[in-house]
Amino acid sequence: MKKLYSALMTAFNDDGSINEAGTREMIRYNIDVNKVDGLYVGGSTGENFNMSHEQKEQVFKIAIDEAKNDVDLIAQVGSLDLNESKYLAKFVTDLGYPHISAVTPFYYNYTFEQIKDYYNEIVKDVDNELIIYSIPVLTGVSLSLDQFAELFENPKIIGIKYTNADFFLLERVRNRFPDKLILSGFDEMLLPALALGVDGAIGSTYNLNAKRAKAEMNAFDAGDIDKARQLQKDSNDLISALIANDIYPSLKLVFKELGVNAGVTKKPMAQPTSEMIAGAKKIYNDYLKED
Ligand SMILES: CC(=O)N[C@@H]([C@@H](O)[C@H](O)[C@H](O)CO)[C@@H](O)CC(=O)C(=O)O
C-alpha cells in the first residue's frame, strides 16, 4: 500500500511565535480525520527555513509528543548550517523520530562532492536513516541519476523525497534503485508519480485533501485509471485555486474553515488579507465542503 504523508504546517501567532495549540490541532486532524500514514515535520510547508533554531526544536518536540506512535514521522533537519543539521539529526533521533530527511544544501553553489559530504556528515554519528529532500524548484540543486547512486552508497541514505517534475529521471531512479524509498512531492503530479512506481507521497495539500489523494491511490492500485484521473483533476482544481489564492496562507485559512485553528504564516510570508479570506471560504465551499 502506498503511504500518504502530510507535510506538517506550523501555526504561528501574529508576532511570529509558535502557536502550539494550533500546531497540535493540525497534527490531530491529520491523524484522526485525514488518517494519514505519516507526517513530514520541518519541511517547506512547515516554514522550517523561516524559523529560529529554538523554534525548530520546539516544533520537533510538539510533533512527536502529539503524534506519539500514531503515525510515521520524518524529521527534516536540513539547514544552511551543517552543524545545525548534525545537531538536529541527533536531537530528533534522541526524541524518537524513526526517519530523518535533509534538503539538498542550497544558496551557495556547492559542488556535488560538498553535497555528498553534507549528507554523509549528517548521518555519520546518528543511528537513523536519511531521506534526501530533492526540490530543485526551490533550491536550484538538481541531482543526476549517477549522483543519487553515489549518495546511496551510504547504506544510511534510504530514499528520496522527489519534488521534481522530471519524470524521465524519476523512471530512471525508480528502476535503478528498486529497493530505495521514493516519495513523490508534487501533489498535482501524484498520478504520474504513482504510474512510475513511487512508494507514496508527501505534500502540503494532503492536510486538506487527504481523502481524495487516498482514494486516488486506491483507484490506481485497483487499476481504475479513469477514476484516478478524475480524482487528480478534482485535486488539481483545488490546488490551482490554492496557488491562485497564495497557497501558504490559504492552506491555513482553509484549515480554519474545517474548524482547525491553523494560526497564520510567519513574516515575510504573506499575512491574511480580506481577499485571501474570501478566497479561502470559496475554496472550502467549492472543493472541500461535504454535503
Ligand atoms: C514547493 C512546495 O511547497 N512543495 C510541496 C507541495 O506539496 C506543493 O505545496 C504542492 O504540490 C502544491 O504545489 C511539497 O513538496 C513540500 C513539502 O512536502 C514540504 O513541506 O517539505
Side-chain angles (χ1 to χ4, degrees), residues 3-12 23 26-27 30 34 36-51 56 59-60 63 71-79 85 88 92 97 99-104 106 130-142 159-167 170 181-194 198-210 212-213 216 231-255 262 265-266 269-270 283 287:
K3 301 290 186 191
L4 187 72
Y5 291 73
S6 282
L8 181 64
M9 293 193 282
T10 307
F12 290 100
T23 302
M26 290 192 282
I27 294 166
N30 271 294
N34 285 338
V36 297
D37 299 293
L39 294 171
Y40 190 79
V41 185
S44 311
T45 310
E47 299 172 67
N48 171 279
F49 304 102
N50 189 10
M51 283 190 200
K56 293 180 185 179
V59 168
F60 286 130
V71 293
D72 188 29
L73 294 173
I74 304 171
Q76 197 293 129
V77 299
S79 167
S85 295
L88 287 174
V92 298
Y97 280 80
H99 313 286
I100 59 176
S101 180
V103 70
T104 51
F106 60 93
L130 184 141
I131 297 163
I132 297 161
Y133 179 11
S134 174
I135 183 165
V137 69
L138 290 185
T139 61
V141 178
S142 293
I160 307 166
K161 175 169 175 268
Y162 191 88
T163 306
N164 187 343
D166 183 338
F167 286 94
L170 176 57
L181 181 70
I182 305 177
L183 297 169
S184 171
F186 272 130
D187 316 10
E188 53 272 44
M189 302 175 207
L190 175 60
L191 185 52
L194 292 173
V198 296
D199 301 293
I202 300 173
S204 64
T205 63
Y206 304 136
N207 283 279
L208 309 175
N209 196 41
R212 264 195 204 99
E216 180 177 328
L231 286 161
Q232 186 68 67
K233 178 206 173 292
D234 296 344
S235 293
N236 286 0
D237 288 344
L238 164 63
I239 294 167
S240 300
L242 285 166
I243 291 171
N245 202 52
D246 195 338
I247 188 166
Y248 281 98
S250 294
L251 286 165
K252 292 181 176 173
L253 290 168
V254 175
F255 233 148
T265 48
K266 183 180 178 185
M269 284 275 192
I283 288 168
Y287 304 110

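Counting starts at 1 for both ligands and their atoms, in listed order. By convention here, the first residue in the shown sequence is residue 1. Not measured: the values here are computed from a predicted model.
At the top of the distance list for atom 17 (C) of ligand 1, counting protein heavy atoms only, stands K161 NZ, 3.0 Å. The nearest heavy-atom contact from the protein to atom 11 (O) of ligand 1 is E188 OE1, 2.5 Å. Looking only at protein heavy atoms, the nearest one to atom 14 (C) of ligand 1 is G185 O, 3.4 Å. Looking only at heavy atoms of the protein, atom 9 (O) of ligand 1 is closest to S204 OG, 2.7 Å.
Of the listed residues (N48, I202, V103, I135), the one carrying the non-hydrogen atom nearest atom 4 (N) of ligand 1 is I135.
Side-chain contact between L208 and L251 is present, with heavy atoms from C-beta onward closer than 4.5 Å. Counting only heavy atoms from C-beta outward, the side chains of I131 and I74 approach each other to under 4.5 Å.
Near D187, meaning under 4.0 Å from one of its heavy atoms, ligand 1 places the atoms 6 (C), 7 (O), 10 (C), 11 (O). Which parts of ligand 1 touch G43 is read off a 4.0 Å heavy-atom cut-off, strictly below it: atoms 20 (O), 21 (O). Heavy-atom proximity to T45, at under 4.0 Å, picks out these atoms of ligand 1: 16 (C), 17 (C), 19 (C), 20 (O). Every atom of ligand 1 is numbered from 1 in the order shown, and the set under 4.0 Å from a heavy atom of F186 is 11 (O). For ligand 1, the atoms lying closer than 4.0 Å to a non-hydrogen atom of L138 are 1 (C). Of all atoms in ligand 1, listed by their number and element, those nearer than 4.0 Å to a heavy atom of A7 are 17 (C), 18 (O), 19 (C), 20 (O).
Distances between N or O atoms of T205 and those of ligand 1 include no value under 3.5 Å. Taking distance alone, with nitrogen or oxygen atoms compared against 3.5 Å, G46 stays at or beyond that limit from ligand 1. Distances between N or O atoms of Y40 and those of ligand 1 include no value under 3.5 Å.
With hydrogens and angles ignored, the 3.5 Å screen pairs a side-chain donor or acceptor of T139 with a backbone N or O of V141. A donor-acceptor pair is defined here as one N or O able to donate and one able to accept, closer than 3.5 Å; such a pair exists between the side chain of N30 and the backbone of M26.
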Next on the checklist: Using side-chain contact (heavy atoms from CB on, under 4.5 Å), reason through T163 and Y133 one step at a time and then give a plain yes or no.
Outcome noted: CA-CA 8 Å; T163 306; Y133 179 11; 3.8 Å; yes
Checklist entry - Which is it for N34 and N207 under the side-chain hydrogen bond (donor to acceptor under 3.5 Å, both in side chains) test, yes or no, and what are the steps along the way? => result CA-CA 7 Å; N34 285 338; N207 283 279; 5.5 Å; no
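Distance CD1/I202 to CD/Q76: 10.0 Å, rounded to 0.5 Å. If you take CG on D37 and CG on L4, they are separated by 6.5 Å, rounding to the nearest 0.5 Å.
Between K252 and E47 a salt bridge is recorded (basic side-chain N to carboxylate O distance below 4.0 Å).
Ring centers of Y5 and Y206: at least 6.0 Å apart, outside the cut-off.
When heavy-atom distances to ligand 1 are checked against a 4.0 Å cut-off, T163 comes that close only through its side chain, counted from C-beta outward. Neither the backbone nor the side chain of V137 has any atom closer than 4.0 Å to an atom of ligand 1 (non-hydrogen atoms only). For Q76, no heavy-atom contact with ligand 1 is shorter than 4.0 Å.
Side-chain atoms of S101 and Y40 include a donor-acceptor pair closer than 3.5 Å.
Exactly one residue among T205, N236, N209 makes a side chain to side chain donor-acceptor pair (under 3.5 Å) with D187. That residue is T205.
Ligand 1 lies within reach of Y133, whose nearest heavy atom is under 4.0 Å from it. By the 4.0 Å heavy-atom criterion, Y248 is counted among the residues contacting ligand 1.
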